[in-house]
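Reading through the structure tokens given below for one structure.
We're numbering straight along the sequence, starting at 1. Source: prediction; values computed, not measured.
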Amino acid sequence: MTKRSYDGFCPVRHILDRFGDKWSMLILSTIHERGVIRFGELGRAIPDISQKMLTTTLRTLETDGYISRHVYAEIPPRVEYSMTELGETLIPHLDSLVAWALAHRSDVETARAKR
């Protein structure tokens, strides 16, 4: 195993930080499940996210190359989001993390209750 560096210049740290936030994994999973999804539909699928946070997180995920955004020149404007090839390569890893969380949920809740 290689030695890990977590200083501010670590390139992996900046990538992994994306998945430590509250919304990115949930948004990616939802887009992956739906295939192509409109902004409003995504907001309804995640009802506790604010419109501002949804917009901010979508922009960041697009900038990082995980999702694509397609704007249709219509009135009213229609915007759809879908996974990119890069984003699709991330899904098995997110699924593994979710499976681990489900398998160990009671262990974590027990540990938290002891504090």
*To the nearest 0.5 angstrom, please state how far the OH atom of Tyr66 sits from the OG1 atom of Thr84.*
9.0 Å
*Do other residues, nucleotides or ligands put more than 12 heavy atoms under 6.0 Å from the CD atom of Gln51?*
no
*asked:* Please determine whether side-chain contact (heavy atoms from CB on, under 4.5 Å) holds for the pair Asp48 and Trp23, giving the CA-CA distance in whole Å, both sets of side-chain angles, and the decisive distance to 0.1 Å.
replied: CA-CA 10 Å; Asp48 51 338; Trp23 301 110; 3.8 Å; yes
*Do Arg38 and Val79 touch side chain to side chain, with heavy atoms closer than 4.5 Å?*
no
Side-chain donor-acceptor pairs of residues 25-36 under 3.5 Å, sequence neighbours excluded:
residue	atom	partner	partner atom	Å
Ser29	OG	Met25	O	3.0
Thr30	OG1	Leu26	O	2.8
His32	ND1	Glu88	OE1	3.1
His32	ND1	Glu88	OE2	3.4
Arg34	NH1	Glu41	OE2	3.2

*Counting heavy atoms not belonging to Glu85, are there more than 12 under 6.0 Å from its CD?*
no
*Is any side-chain heavy atom of Phe39 closer than 4.5 Å to a side-chain heavy atom of Leu54?*
yes
*In Å, rounded to the nearest 0.5 Å, how long is the span from NZ of Lys52 to OG1 of Thr57?*
10.0 Å
*According to the interplanar angle, ranging from 0 to 90°, do the rings of His104 and Trp100 count as parallel (below 30°), tilted (30 to 60°) or perpendicular (above 60°)?*
tilted
*Would Asp21 and Ser24 count as having a side-chain donor-acceptor pair, cut-off 3.5 Å?*
yes
_Audit row: Ser68, Ser82, side chain to side chain donor-acceptor pair (under 3.5 Å) steps and yes/no_ = CA-CA 5 Å; Ser68 63; Ser82 60; 2.9 Å; yes
_Heavy-atom neighbours of Arg78 CZ exceed 12 at 6.0 Å_ = yes
*Side chains of Val71 and Arg69: does their closest heavy-atom pair fall under 4.5 Å?*
yes
Using atom types as modelled, flag every donor-acceptor pair under 3.5 Å from a side chain in residues 91-99 to any protein atom, sequence neighbours excluded.
residue	atom	partner	partner atom	Å
Ser96	OG	Pro92	O	3.1

*Would Leu58 and Glu62 count as a side-chain contact (heavy atoms from CB on, under 4.5 Å) if you check the C-alpha gap in whole Å, the side-chain angles of each, and the deciding distance to 0.1 Å?*
CA-CA 6 Å; Leu58 286 168; Glu62 182 185 11; over 6 Å; no
